[in-house]
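First comes the structure, then the notes that go with it.
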Amino acid sequence: MPELPEVEVSRLGITPHVLDHVVTKVNIHNASMRWPVPDDVYQLQGLKVTSIERRAKYLLLGCERGSVILHLGMSGNLRVVNADEPLKKHDHIEFVLESGKALRLNDARRFGACLWQAPGECHTLLTKLGPEPLTDDFFAERVYEQSRNKKVPVKQFIMDNAVVVGVGNIYANESLFKAGIHPKREAGKVSLKRYQQLVPIIKDTLAAAITQGGTTLKDFAQSDGKPGYFAQQLLVYGRKGEPCVTCKEPLKEIRLGQRSTVFCANCQK
DNA sequence: CGGTCTACCTGAAAGC
DNA sequence: TGCTTTCAGGTAGACC
């Protein structure tokens, strides 16, 4: 998926077209996403979208009757197009707008989700989430305390939604490289000092990726269809065997939790 | 409880 | 060329 920067780029991209605009029609072309898309989503029809928020990698389109919750999974993508444009393969959910535009959720793998939350409710998926990385709620002392006695490798630890939300495989690899921390190091054995280095690096990396329009690997695009440009700044992800930008040693790849993990054995300890 | 692994799904790329 | 295998940005839920 899109990690947090890609979701935030999507939010920023759709906002001018969708916020304060009336949804005239909701079309569910394929309701079998990660969970069945509930009919509640049709409640948005005829109503104005009054808020567009992001929590972790979830987007919430709010109206007076509740909120549509969207998740992009691994391959999801939001596009704003003219409503008369033909549907593309895997365009599963469509919000037709009074303006003549349409917001479409395309997701080849269907790991994404489209759910509903009534006013005042907090969906169970959202209740156990940890702090947002780009807020002051995410700070080194908190991460350090939470990590004590944890044997899990630090890479998997920072990808844990209960620790901090929004850090996926790409940005976990990148952040640990920049912080000089070996991805396999036990989370409980990383010092406070090193978490004080790592936490700001995670924040800076995510913020820079948002500025660049996210990372386009295969199918991610901004809501206007243009790619993100952060891929050009990736230092380790997808660079197995290539020279480390710092020491020129070939980068190594291992698997942690079934996820590709690229690092420099010389620079990361 | 903590830690580990599977499952969900399509499609591109690599392997043979 | 074509068939098979592997891998991909996520993460809830099952399992030990």
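Values in this document were obtained by computation on a predicted structure and should not be read as measured data. As a basis for the values below, the full set of heavy atoms in this structure was taken, side chains included, without hydrogen atoms, waters or symmetry mates. Every chain is numbered from 1 and lettered A, B, ... according to where its sequence line falls, protein lines coming before strand lines.
Close to C/dG10, at under 4.0 Å from its OP1 or OP2, lies no side-chain N or O of A/Y171. The side chain of A/K57 contributes an N or O atom lying less than 4.0 Å from OP1 or OP2 of C/dG10. Residue A/R259 places no side-chain N or O under 4.0 Å from the OP1 or OP2 atom of B/dT4.
A single hydrophobic cluster is not seen to contain both A/F230 and A/V245; linkage of ILVMFWY side chains at heavy-atom distances under 4.5 Å, directly or through other members, places them apart.
Across all strands shown, nothing is found opposite B/dC9 as a Watson-Crick or G-U wobble partner with both distances under 3.5 Å. Under the Watson-Crick or G-U wobble criterion, with both distances below 3.5 Å, C/dG9 has no partner in any strand shown.
Look at CH2 on A/W35: it is 6 Å from P on C/dA12, rounded to the nearest Å. To the nearest angstrom, C1' of C/dA8 lies 10 Å from CD1 of A/I170. If you measure from atom CD of A/E6 to atom C1' of C/dA8, you get 14 Å, rounded to the nearest angstrom. Between the CG atom of A/L115 and the P atom of C/dA12 there is a distance of 12 Å, rounded to whole Å. B/dG3 atom C1' lies 12 Å from atom CD of A/E186, rounded to whole Å. Atom CD of A/Q156 is separated from atom P of C/dT11 by 14 Å (rounded to the nearest Å). For A/M74 and B/dT6, the CE to C1' distance is 14 Å, given to the nearest whole Å. Note: NZ (A/K155) to C1' (C/dG9) measures 11 Å, nearest angstrom.
Going from the C1' atom of B/dA12 to that of C/dT11 covers 23 Å, rounded to whole Å. Distance check on atom P: C/dC7 versus B/dC5 gives 16 Å, rounded to whole Å. The separation of B/dT6 from C/dT6, taken at their P atoms, amounts to 14 Å, rounded to a whole angstrom.
The existence of a salt bridge linking A/K151 and A/E186 is excluded, since no basic side-chain nitrogen approaches an acidic carboxylate oxygen closer than 4.0 Å.
The residue among A/G257 and A/V152 whose nearest nucleotide of DNA chain B lies closer to the 5′ end is A/V152. Nearest-nucleotide mapping onto DNA chain C: of A/Y237 and A/L129, the residue sitting toward the 5' end is A/Y237.
You'll find the side chain of A/W35 stays beyond 4.5 Å of the side chain of A/C114, heavy atoms only.
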Please list each protein N or O that sits under 3.5 Å from an N or O in nucleotides 7-11 of chain B, with the distance.
{"unit_1": "B/dC9", "atom_1": "O4'", "unit_2": "A/R109", "atom_2": "O", "d": "3.3"}
{"unit_1": "B/dC9", "atom_1": "O3'", "unit_2": "A/R110", "atom_2": "NH2", "d": "2.8"}
{"unit_1": "B/dC9", "atom_1": "O2", "unit_2": "A/R109", "atom_2": "NE", "d": "2.8"}
{"unit_1": "B/dC9", "atom_1": "N3", "unit_2": "A/R109", "atom_2": "NH2", "d": "3.3"}
{"unit_1": "B/dT10", "atom_1": "OP1", "unit_2": "A/R110", "atom_2": "NH2", "d": "2.9"}
{"unit_1": "B/dT10", "atom_1": "O4'", "unit_2": "A/A108", "atom_2": "O", "d": "3.4"}
{"unit_1": "B/dT10", "atom_1": "O3'", "unit_2": "A/H90", "atom_2": "NE2", "d": "3.1"}
{"unit_1": "B/dG11", "atom_1": "OP1", "unit_2": "A/K89", "atom_2": "NZ", "d": "3.1"}
{"unit_1": "B/dG11", "atom_1": "OP1", "unit_2": "A/H90", "atom_2": "NE2", "d": "2.7"}

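Within the nucleic acid shown, A/S260 comes within 4.0 Å of sugar-phosphate atoms alone, with no base atom in reach, counting heavy atoms only.
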Give the intermediate values and the outcome of salt bridge (charged side-chain N to carboxylate O under 4.0 Å, His left out) for residues A/R54 and A/E132.
CA-CA 10 Å; A/R54 180 188 57 72; A/E132 283 290 327; 2.9 Å; yes

In sequence, state the C-alpha distance, the side-chain angles, and the governing distance for A/N106 and A/N77, and then conclude on side-chain hydrogen bond (donor to acceptor under 3.5 Å, both in side chains).
CA-CA 5 Å; A/N106 185 289; A/N77 200 165; over 6 Å; no

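With C/dG10, C/dA12, C/dA8 as the choices, the nucleotide that has an atom nearest any side-chain atom of A/M159 turns out to be C/dG10.
Defined by atom type and a distance below 3.5 Å, a donor-acceptor pair is present between the side-chain atoms of A/S260 and A/E253. For the residue pair A/Q196 / A/E141, a side-chain donor-acceptor distance below 3.5 Å is found, with atom types taken as modelled.
Looking at residues two or more places apart in sequence or on another chain, you find a salt bridge (charged side-chain N to carboxylate O under 4.0 Å, His left out) between A/E242 and A/R239.
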